[in-house]
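Have a look at the structure below before the remarks.
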Amino acid sequence: MSIKVKLENGAEAIYPEGTTCFDLYKEKTAENKELLAVLVNGKECDLAEPLTDSSKVEFVDFDTPPGADIYRHTASHVLAHAVKRLYPKAKLGIGPAIENGFYYDFEFDEPISSDDLEVIEKEMKKIIKERQPIRRQEMNRQEAIKLFEERDEPYKIELIMDLPEDTVISCYEQDDFIDLCAGPHLPNTRMVKAFKLTALAGAYWRGDERNPMLQRVYGTAFPDKERLEDYLNMLEEAKKRDHRKLGRELDLFSLHEEGPGFPFFHNNGTIIWQELTDYWRAEHRRAGYEEIKTPLILNRSLWEESGHWDHYRDNMYFSKIDEDDYAIKPMNCPGAMLVYRSKMHSYRDLPRRIAEMGIVHRHELSGTLHGLMRVRSFTQDDAHIFMLPDQVQSEVAGIIDLMDRIYRVFGFHYRVELSTRPGKAMGTLEMWHKATNLLEKVLLEKGVDYRLNEGDGAFYGPKIDFHLEDCLGRSWQCGTIQLDFQMPEKFDLTYVGEDGDKHRPVVIHRVIYGSMERLIALLIEHYGGAFPTWLAPTQVAIIPVTDRSHEYARKVCDRLKDENLRVFVDQRNEKVGYKIREAQVNKVPYMLIVGDREVESGQVAVRHRGQGDLGSDDLDNLIKKVKIEVKEKII
RNA sequence: GCCGACGUAGCUCAAUGGUAGAGCAGCUGAUUUGUAAUCAGCAGGUUGGGGGUUCGAAUCCCUUCGUCGGCUCCA
């Protein structure tokens with residue numbers, strides 16, 4: 001008997017029955033040493049697996065999708081193997097491949113410290129050198145439990161217990177190390193060429209804070225030393241864009257022990273802030289929004305009415321005024337509800353889109369604070385939209401359009417998530433179902449590419465989240481659209497319908513920037529501190545060559561100020577090169593060098609921070625050009 | 001909050017139990033300079049705070065605050 005195998009180039013080949021993936025793999029690697037694994041009918045597959053008739057076989061190397069994951073997953077097994085050799089009593093958690101690397105969780109008798117990573121790396125190198133063959137074993141549940149009982153691996157047994165009764169359980173074995181694992185893996189340990197353990201961190205077992213905290217070892221692996229080095233260098237380069245570093249260097253903001261999580265914005269940061277809010281107001285007026293301001297501190301009764309007292313108290317700050325309990329607002333919604341409720345509404349008034357640049361305070365856990373990205377006091381570009389039930393779809397669609405238009409101006413790439421009902425939630429399952437379906441419908445109709453995020457909704461409703469990435473590729477939620485059938489109930493909001501009866505409006509909470517602080521952090525990293533001219537704190541630096549040209553320089557400066565540009569004259573007693581260097585380091589978009597020649601001709605010598613020396617130009621031309629750049633928000 | 005690491009001048013970093021130091025920034029003076037750093041001088045620190053060990057602590061121990069990397073949480 002023989003079987004038909006379709007290879008990736010489309011050719012069909014006949015092999016004897018019983019031919020395994022490994023046979024084909026060996027045949028193929030003889031000509032291409034880069035190959036790591038095979039896919040059978042599109043599925044990652046173990047090499048020992050025999051092929052069936054009319055299989056379609058593809059080969060993957062490190063750069064074909066599952067390749068890097070398989071490679072790094074094997075590296076994580078080598079890590080666990082090394083740890084078990086060095087600390088035989090350590091208990092194994094889980095050890096998957098992740099984006100750009102892998103990790104493995106362990107429980108040690110005595111916690112290890114980051115210095116121990118070096119020793120573990122050494123042992124890993126030994127295991128790699130030993131070229132341990134990696135073998136798959138299959139067994140039933142009973143056998144698997146027995147095996148891990150013998151090896152005293154309680155976490156593995158817990159994982160097996162959660163698998164369906166009749167599953168065939170696979171384990172991978174190398175030398176005396178065995179791990180519960182679906183696979184597949186590389187054929188032997190020697191194939192892991194270049195790796196590095198990068199970090200040690202705590203991680204709760206199965207991500208639940210009620211569970212014990214294990215120690216997680218992070219690492220990364222690449223097919224050769226050069227690519228590993230390139231990756232590590234890239235990380236170093238990315239760190240130069242870190243908003244905390246640039247924020248200090250560019251004098252944008254500061255953080256102080258006196259106010260952990262409460263950032264201080266300096267003049268330069270405040271200029272960016274104001275440009276962002278000016279633009280935001282213009283867009284929102286155009287999109288039919290009103291704007292309000294509500295108090296920071298409000299009475300306890302309001303928070304009881306809104307449900308925050310029951311659902312959000314742990315994150316709130318409190319105060320007492322004349323013996324009464326007050327809370328500092330952690331969200332803007334209750335204030336907006338009161339504004340809505342302050343008068344009668346006709347169905348003709350709706351939708352009412354009420355925006356607020358609202359400062360909120362939340363007691364975030366100390367370990368989660370992160371520069372401007374994660375703070376305890378922040379300004380949300382909030383809006384609450386009160387509408388008729390049949391307006392929901394068009395309103396959500398409108399917000400998605402506004403979001404996209406605004407993000408595009410910054411040149412952001414974003415990822416969209418639909419978050420569903422969390423464990424701790426208000427309202428009936430039916431309401432949640434209805435609300436979630438509505439959001440999903442709009443996303444599908446708009447053709448938005450989104451990902452489902454089960455259980456991550458707000459306590460009052462499901463939401464669509466917009467995520468942006470920081471310099472190290474960490475994802476941060478910014479925009480969000482949250483559907484809310486709860487607040488209108490709680491606050492007994494009504495409108496008078498066509499029929500003359502009172503009806504319940506629907507509310508959407510939404511932010512576009514998310515928080516001003518987080519947005520500014522992301523913008524700093526996105527632009528590497530070189531803000532587009534419309535946002536740059538200083539737009540033009542005027543650099544006189546000698547003090548003979550100071551007077552002319554000041555005249556040029558006044559002219560630019562009249563045109564509403566942010567400009568200064570560097571009158572210090574320094575050489576031109578020195579002043580240029582400083583303006584470059586401060587990422588000022590335009591430098592105007594004025595010396596005797598310019599005084600004579602009445603022009604300016606233009607230098608751009610990115611394009612360098614642009615030669616002489618008339619001041620009017622330059623102003624026209626820069627003003628267009630500002631107006632059009634050219635990146 | 002939990003796990004691990006770190007905290008020395010405004011910034012970046014030296015000093016491993018024996019007199020706290022450098023570069024940049026700052027100030028003063030000289031220099032009048034043409035597209036990424038002119039020269040010289042001066043000043044700057046109860047080594048995050050508190051406690052302890054020691055003849056002696058930046059250094060060792062305890063504690064507390066903050067920061068960084070994760071986990072959990074979230075804009």
Side-chain angles (χ1 to χ4, degrees), chain A residues 103 105 108 111-117 198-218 239 242 244-245 248-249 251 254-261 314-315 330-331 358 360 362-376 378-382 419 422 456 458 463 465-468 472 474 476-480 482 509-519 521-522 543-550 573-585 591-598 605-609 612-615:
Chain A
Y103 68 78
D105 288 345
F108 292 94
I112 61 164
S113 93
S114 38
D115 298 338
D116 298 317
L117 295 185
T198 49
L200 179 67
Y204 298 110
W205 167 241
R206 304 190 122 185
D208 189 328
E209 60 185 330
R210 288 165 304 192
N211 286 338
M213 178 160 275
L214 310 181
Q215 282 194 294
R216 177 171 295 178
V217 178
Y218 282 92
K239 280 185 192 155
D242 191 309
R244 292 165 297 193
K245 182 175 152 68
R248 188 173 48 236
E249 288 170 357
D251 199 15
S254 58
L255 294 160
H256 303 271
E257 279 198 28
E258 291 84 348
D314 291 350
N315 281 295
M331 294 185 195
V360 296
R362 299 181 184 175
H363 180 74
E364 302 294 350
L365 295 178
S366 59
T368 63
L369 301 181
H370 182 100
L372 289 185
M373 296 279 191
R374 191 78 196 281
V375 293
R376 283 177 171 159
F378 53 101
T379 301
Q380 291 184 306
D381 64 317
D382 223 336
S419 296
D456 211 36
K463 54 181 188 162
D465 292 329
F466 294 74
H467 290 254
L468 299 173
L472 292 176
R474 291 174 294 207
W476 297 90
Q477 185 189 313
C478 287
T480 178
Q482 311 184 343
H509 312 244
R510 50 107 279 186
V511 290
I512 292 188
Y513 288 164
S515 91
M516 293 301 295
E517 289 78 1
R518 183 174 287 180
L519 174 76
L522 286 162
I543 300 175
V545 178
T546 72
D547 48 19
R548 284 193 302 282
S549 27
H550 280 189
N573 183 2
E574 296 289 351
K575 291 179 155 182
V576 172
Y578 182 89
K579 296 182 193 176
I580 284 175
R581 180 185 149 78
E582 196 157 289
Q584 285 284 154
V585 168
M591 284 152 270
L592 304 183
I593 290 84
V594 294
D596 294 338
R597 295 203 293 266
E598 285 71 28
V606 183
R607 180 186 167 97
H608 185 267
R609 71 175 168 212
D613 191 348
L614 298 178

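Just so we're on the same page: letters track the sequence lines, and every chain starts at 1.
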For this session: Mind checking A/S366 for me? I need base, sugar-phosphate or nothing, with any heavy atom below 4.0 Å counting as a touch.
Result: base

Exercise. Looking only at atom P, what distance separates B/C61 and B/U67, rounded to whole Å?
Worked result: 24 Å

Exercise. Per the side-chain contact (heavy atoms from CB on, under 4.5 Å) rule, which among A/R510, A/H509, A/Q477 passes with A/K463?
Worked result: A/Q477

For this session: Return the nucleotide paired to B/G17: Watson-Crick means purine N1 to pyrimidine N3 with N6-O4 or O6-N4, wobble means G-U with N1-O2 and O6-N3, both under 3.5 Å.
Result: none

Problem set entry | Phosphate contact (B/C74 OP1 or OP2) by A/Q477 side-chain N/O below 4.0 Å | no

Exercise. How is A/K239 classified with respect to the nucleic acid when contacts are heavy atoms under 4.0 Å: base, sugar-phosphate, or nothing?
Worked result: nothing

For this session: May I ask you to say what A/S114 touches in the nucleic acid, namely base, sugar-phosphate or nothing, with a heavy-atom cut-off under 4.0 Å?
Result: sugar-phosphate

Exercise. So which nucleotide does B/A36 pair with, by the Watson-Crick or G-U wobble rule with both distances under 3.5 Å?
Worked result: none

Exercise. Under 4.0 Å: is that the gap between some side-chain N or O of A/R474 and OP1 or OP2 of B/G69?
Worked result: yes

Exercise. Are A/R206 and A/D208 close enough for a salt bridge, meaning some N to O gap below 4.0 Å?
Worked result: no

Exercise. Looking for any heavy atom pair under 4.0 Å, which part of the strands does A/Q584 touch: base, sugar-phosphate only, or nothing?
Worked result: base

Seminar exercise, completed: By the Watson-Crick or G-U definition, both distances under 3.5 Å, B/U47 is matched with none

Exercise. Any side-chain N or O of A/R216 under 4.0 Å from OP1/OP2 of B/G4?
Worked result: no

For this session: Name the nucleic acid region contacted by A/G367, choosing base, sugar-phosphate or nothing; use a 4.0 angstrom heavy-atom cut-off, strictly under.
Result: base

Exercise. Has A/H370 got a side-chain N or O lying under 4.0 Å from the OP1 or OP2 atom of B/G69?
Worked result: yes

Exercise. Across all strands shown, which nucleotide pairs with B/U54 by Watson-Crick or G-U wobble geometry, both distances under 3.5 Å?
Worked result: none

For this session: Evaluate the side-chain proximity of A/M591 to A/R609: yes if any heavy-atom separation is below 4.5 Å, no if none is.
Result: yes

For this session: Select base, sugar-phosphate, or nothing to describe what A/E249 touches, counting heavy atoms under 4.0 Å on all strands.
Result: nothing

Exercise. B/G70 base to A/Q215 side chain: any donor-acceptor pair below 3.5 Å?
Worked result: no

Exercise. What distance, rounded to whole Å, do you find between the two P atoms, one in B/C24 and one in B/A5?
Worked result: 35 Å

For this session: Look at the side-chain N and O atoms of A/Y103 and state whether any lies under 4.0 Å from the OP1 or OP2 oxygen of B/C3.
Result: no

Exercise. If only side-chain N and O atoms of A/K245 are considered, is one of them under 4.0 Å from the OP1 or OP2 phosphate oxygen of B/U12?
Worked result: no

Problem set entry | Rounded P spacing from B/A20 to B/U46 in Å | 13 Å

For this session: Remember a base hit wins even if backbone is also touched, and classify A/Y513 as base, sugar-phosphate or nothing at under 4.0 Å, heavy atoms.
Result: nothing

Problem set entry | Pi stacking test for A/F378 and B/A75: under 5.5 Å apart, planes under 30° | yes

For this session: Scan A/G577 against the nucleic acid and name what it touches under 4.0 Å (heavy atoms): base, sugar-phosphate only, or nothing.
Result: sugar-phosphate

Exercise. What is the nucleic acid contact for A/E574, judged by heavy atoms within less than 4.0 Å: base, sugar-phosphate only, or nothing?
Worked result: base

Exercise. So does A/D613 pair up with A/R607, basic N to acidic O under 4.0 Å?
Worked result: no

Seminar exercise, completed: The nucleotide from B/C74, B/U35, B/G70 with an atom nearest the side chain of A/E364 is B/C74

Exercise. Mind checking the C1' distance from B/C62 to B/A57? Whole angstroms is fine.
Worked result: 15 Å

Exercise. Where the side chain of A/R597 is concerned, which of B/G34, B/A75, B/G4 is the nearest nucleotide?
Worked result: B/G34

For this session: Would you indicate which nucleotide in B/U67, B/G4, B/C74 comes nearest to any side-chain atom of A/S113?
Result: B/G4

Problem set entry | Opposite nucleotide pairing with B/G1, Watson-Crick or G-U, both atom distances under 3.5 Å | B/C71

Exercise. With sugar-phosphate meaning primed atoms plus P, OP1 and OP2, does A/E598 contact a base, only sugar-phosphate, or nothing at under 4.0 Å between heavy atoms?
Worked result: base

For this session: Please confirm whether any donor atom in the side chain of A/Y204 sits under 3.5 Å from an acceptor in the base of B/G70, or the reverse.
Result: no

For this session: Determine the Euclidean distance between corresponding C1' atoms of B/G70 and B/C39; express it in Å to zero decimal places.
Result: 49 Å

Problem set entry | For A/R374 against A/T368, the heavy-atom pair lying closest together | CG-O, 3.1 Å

Seminar exercise, completed: Under a 3.5 Å limit on both distances, the Watson-Crick or wobble mate of B/G23 is B/C11

Problem set entry | Check: A/R374 side chain, B/C73 base, donor-acceptor under 3.5 Å | yes

For this session: Name the nucleic acid region contacted by A/G371, choosing base, sugar-phosphate or nothing; use a 4.0 angstrom heavy-atom cut-off, strictly under.
Result: sugar-phosphate

For this session: Please report the C-alpha distance between A/S254 and A/H256 in whole Å, then the side-chain angles of each, then the deciding distance to 0.1 Å, and finally whether the side chain to side chain donor-acceptor pair (under 3.5 Å) criterion is met.
Result: CA-CA 7 Å; A/S254 58; A/H256 303 271; 2.7 Å; yes

Problem set entry | Base-pairing assignment for B/C6 (Watson-Crick or G-U wobble, both under 3.5 Å) | B/G66

Exercise. Is the phosphate of B/U67, meaning OP1 or OP2, less than 4.0 Å from a side-chain N or O of A/R248?
Worked result: no

Exercise. Base, sugar-phosphate, or nothing: which does A/R609 touch, judged by heavy atoms less than 4.0 Å apart?
Worked result: nothing

For this session: Classify the nucleic acid contact of A/R244 as base, sugar-phosphate or nothing, counting any heavy atom under 4.0 Å across all strands shown.
Result: sugar-phosphate

